[in-house]
Amino acid sequence: MKKSEALRQIKKLCGERATEARFECALYSRDLAPVPALLVDPLFKTVPDLVVCPTGAEEVAEILRLAGAAGIPVTPRAGASTVYFDSVPARGGIVIDLNLIKGVLELDEEMMTVTVKAGTTWSELERYLNARGYAPKSVPSSAPASSIAGWLCMMGYGIGSLKYGSLLSQVKWAEVVLPDGEIRQVTPDTDPPLAWFAASEGTLGIITKLNIEIRRQTPMKHFLLHSRALSEIAGVLTAVKDAEITPYNLHFTDEACVRAMSRQGIAPGSVDSGCLLAVDYEGSEAELHRAEEMITALVTGKKAVSLLPGEVAEREWEERYKSLKLKRSGPSELGGEVFLPVSRLENYLSDIKRLAGRYGLEMCSYGHVATPERMIIMTMFFADETRVFEYIMDLSLVKKIQDVGQRHGGYPYGVGLWNTPYLGRIFKVSELEQLRARKKKLDPKGIMNPGKLYKWHPMLNPFNFSLGMNVLAGIRRFVRGGGRG
Ligand SMILES: Cc1cc2nc3c(=O)[nH]c(=O)nc-3n(C[C@H](O)[C@H](O)[C@H](O)COP(=O)(O)OP(=O)(O)OC[C@H]3O[C@@H](n4cnc5c(N)ncnc54)[C@H](O)[C@@H]3O)c2cc1C
């Protein structure tokens, strides 16, 4: 089938919910990351030819059948709260905007599950469940924007994961439209299994519905610990993580971040230095009582660690979905997100401090403990996207942050387009081969979100990328000056 004929039939199918208008299509050519056009436009076709907003699985299936027949690339997009161009087309084609596939379908109080449409946001689901005495087991800290399926298609770790595991472990089944247009219900035991779609970043099919486990909404207790000594707070973090009662949320903020918050007047408890550790528990009153005893005992034994007032800790919890609040010092923030072994936190931060000193910058780090072994740590610095050449030089420091992460056993959290040069760090050779075999099996025509996850663009091959970024970082240090280190 010709491309023009396929697009015509899709427009006929969806009517006003499809558009080829250049202005509207251009709105889909970016995500949250402000990457200069100078770097993007020569390599990628990010403006789609058509944007379409289906209302359910049947329409998605028909769109995929027509796109497949004409070999048109398809990029699924929901909240677009990602930063690696995950939901931005690399080769034009069709963007399927999933935001109309929204709403809760069924709450099963006996099975403690909820069936929800893919484009529902986590905050919408949370509000629905809270009103009935329930809650999601875990949520991303981008809950107001992130869709249910978008988080499954990414890494699926966030607030609550330490206690309840990854989102994948909480999903009972999902309805998926495969690239050939077949609608399937996948579970951990089907062929293909549910696990294939977790972290698949929109490259294996489109999820339209999910059935996920929920929990009863129980009381919470919040603690906010402060210390001028990183080693002390890192010790407390490990002790709390490994204790008999697992915290629902464990969030670390380093001293550079505290200073930046203090300058903005938004530091909790008006602290102006040191590091912070937020520890949040949920559970029965008895569990909360035991948790409180444990935290008090931990702090009592340590001179350098203090407990901020309860109302400050509660306010900090209320702010949990505002992790970009520091951006107001921007205009832009640049940073690297590293999936880091918790045991390496101190060494990682000490190398980041050295890196920041070398480039005369302030680098702020904060993150959640996601599993007993790993945390998602974001290290960011302020930049100015309106000064394009300086901004491009600053981009080279994102690689330097990832290099520090790698030295300590970490790797980038998520792939998309911009992290493809790190594929060799993220996956073992055998894992990457397995991923490519899945892709070949489910999407032999390669229409789903092409140009990402499995392979780098020739210009982004790891050798060129590494050389280019190191040279840029060297020029940046020479031109803009650095500091010690
Ligand atoms: C402030 C902030 C906090 C964040 N916190 C977290 C966090 O705690 N944990 C975390 O993991 N990430 C976090 N993120 C990153 C991001 O928000 C999440 O990964 C989010 O879950 C993505 O969902 P989305 O709906 O925005 O997906 P999008 O960005 O629209 O898409 C993400 C990927 O999934 C694909 N996709 C989307 N929907 C579907 C579907 N229905 N079927 C098939 N493919 C689909 C897209 O093609 C794309 O590849 C954060 C981001 C920000 C800005």
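All ligand and atom numbering here is 1-based and tracks the order in the structure.
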Check the pair Thr187 / Asp189 against side chain to side chain donor-acceptor pair (under 3.5 Å), numbers first and verdict last. CA-CA 5 Å; Thr187 72; Asp189 305 316; 4.6 Å; no
- Item | Salt-bridge present (Arg65, Glu62; N to O < 4.0 Å) | yes
heavy-atom search around atom 23 (O) of ligand 1 in the protein gives Ser146 OG, 3.4 Å
When distances are taken from atom 47 (O) of ligand 1, the protein heavy atom at minimum range is Pro76 O, 2.6 Å
Could you check whether any heavy atom of Gly119 sits closer than 4.0 Å to an atom of ligand 1, since that is the contact criterion I want to use?
no
Does the pair Tyr128 and Tyr134 meet the rule for a ring-ring contact (aromatic ring centres under 6.0 Å, His included), with working shown? CA-CA 8 Å; Tyr128 171 92; Tyr134 300 101; 9.4 Å; no
Logged contact type for Thr82 with ligand 1, heavy-atom cut-off 4.0 Å, is both
Over 60° means perpendicular and under 30° means parallel, so tell me whether Tyr413 and Tyr157 are parallel, tilted or perpendicular.
tilted
query: Between Ala78 and ligand 1, does any nitrogen or oxygen pair lie at a separation below 3.5 Å?
result: yes
re atom 22 (C) of ligand 1, the protein heavy-atom contact at minimum distance is Ser81 OG, 3.6 Å
Over 60° means perpendicular and under 30° means parallel, so tell me whether His251 and His368 are parallel, tilted or perpendicular.
perpendicular
Residue, atom and distance of the protein heavy atom nearest atom 3 (C) of ligand 1 read Ser141 OG, 3.4 Å
- Task: Please test Arg259 against Asp254 for salt bridge (Lys or Arg N to Asp or Glu O under 4.0 Å), starting from the C-alpha separation and ending with a verdict.
- Result: CA-CA 9 Å; Arg259 276 198 308 270; Asp254 85 337; over 6 Å; no
Next item on the list: Return yes if some donor-acceptor pair links the side-chain N/O of Glu316 with the main-chain N/O of Val312 below 3.5 Å, else return no.
Entry: no
With a 4.0 Å cut-off on heavy atoms, is Phe197 in contact with ligand 1?
no
Output side-chain donor-acceptor pairs under 3.5 Å for residues 168-175, partner residues at least two apart or in another chain, one line each.
residue : atom : partner : partner atom : Å
Ser169  : OG   : Ser166  : O            : 2.7
Gln170  : OE1  : Ser138  : OG           : 3.4
Gln170  : NE2  : Ser138  : OG           : 3.1
Gln170  : NE2  : Gly165  : O            : 3.1
Gln170  : NE2  : Ser166  : O            : 3.4
Lys172  : NZ   : Glu213  : OE2          : 3.4
Glu175  : OE1  : Thr208  : OG1          : 2.6

> With distance as the sole test, does Arg328 use its side chain to make a donor-acceptor pair with the main-chain N or O of Lys325 at under 3.5 Å?
Replying inline: yes
Any heavy atom of Met154 under 4.0 Å from ligand 1? The part involved is side chain
Atom 37 (C) of ligand 1 sits nearest the protein heavy atom Gly150 CA, 3.8 Å
Can a donor-acceptor pair be found, under 3.5 Å and without considering hydrogens, that links the side chain of Thr371 to the backbone of Arg374?
yes
Quick one, Met380 with Glu337, criterion side-chain contact (heavy atoms from CB on, under 4.5 Å). Give me CA distance, side-chain angles, the key distance, then yes/no.
CA-CA 8 Å; Met380 45 92 26; Glu337 208 170 14; over 6 Å; no
If you scan protein heavy atoms around atom 28 (P) of ligand 1, the nearest is Ala80 N, 3.5 Å
Among non-hydrogen protein atoms, atom 9 (N) of ligand 1 lies closest to Tyr157 O, 2.7 Å
Side-chain (Glu201) to main-chain (Val415) donor-acceptor, under 3.5 angstrom: yes
Among Trp122, Phe339, Trp151, the residue with a heavy atom nearest to atom 10 (C) of ligand 1 is Trp151
Taking only non-hydrogen atoms of Leu98 and a 4.0 Å limit, the atoms of ligand 1 in range are 38 (N), 39 (C), 40 (C), 41 (N)
One finds that the ligand 1 atoms under 4.0 Å from a non-hydrogen atom of Gly158 are 8 (O)
Nearest heavy atom to atom 45 (C) of ligand 1, choosing from Gly416, Gly367, Cys153, belongs to Cys153
Salt bridge (charged side-chain N to carboxylate O under 4.0 Å, His left out) with Glu282: of Lys221, Arg215, Arg216, only one passes, and it is Arg215
Short version for Ser142: what comes under 4.0 Å of ligand 1, heavy atoms counted, is both
At under 4.0 Å between heavy atoms, what of Ser323 touches ligand 1? The answer is side chain
Residue set satisfying salt bridge (charged side-chain N to carboxylate O under 4.0 Å, His left out) with Lys102, at least two apart, ordered chain then number -> Glu124
Ala149 heavy atoms within 4.0 Å reach ligand 1 at atoms 40 (C), 41 (N)
Review point. Does a salt bridge link Asp394 with Arg387, judged by any charged N lying under 4.0 Å from a carboxylate O?
Key: no
Judged by heavy atoms only, the candidate from Ile207, Ile148, Leu204 nearest atom 42 (N) of ligand 1 is Ile207
Under 4.0 Å from one or more heavy atoms of Gly205, ligand 1 contributes atoms 43 (C)
Per-atom filter on ligand 1: closer than 4.0 angstrom to a heavy atom of Leu32 are 53 (C)
Ligand 1 atoms nearer than 4.0 angstrom to some heavy atom of Ile206 are 42 (N), 43 (C)
Any donor and acceptor pair, going by atom type alone, linking the side chain of Arg91 with main-chain N or O of Pro450 inside 3.5 Å?
no
A student checking ligand 1 against Gly202 at a 4.0 Å heavy-atom cut-off should list atoms 35 (C), 44 (N), 47 (O), 49 (O)
Quick note on ligand 1: atoms under 4.0 Å from a heavy atom of Tyr413 include exactly 9 (N), 10 (C), 11 (O)
heavy-atom search around atom 24 (P) of ligand 1 in the protein gives Gly79 N, 3.6 Å
Answer yes or no: does an N/O atom from His368 fall short of 3.5 Å to an N/O atom of ligand 1?
no
Can you find a non-hydrogen atom of Thr75 under 4.0 Å from ligand 1?
no
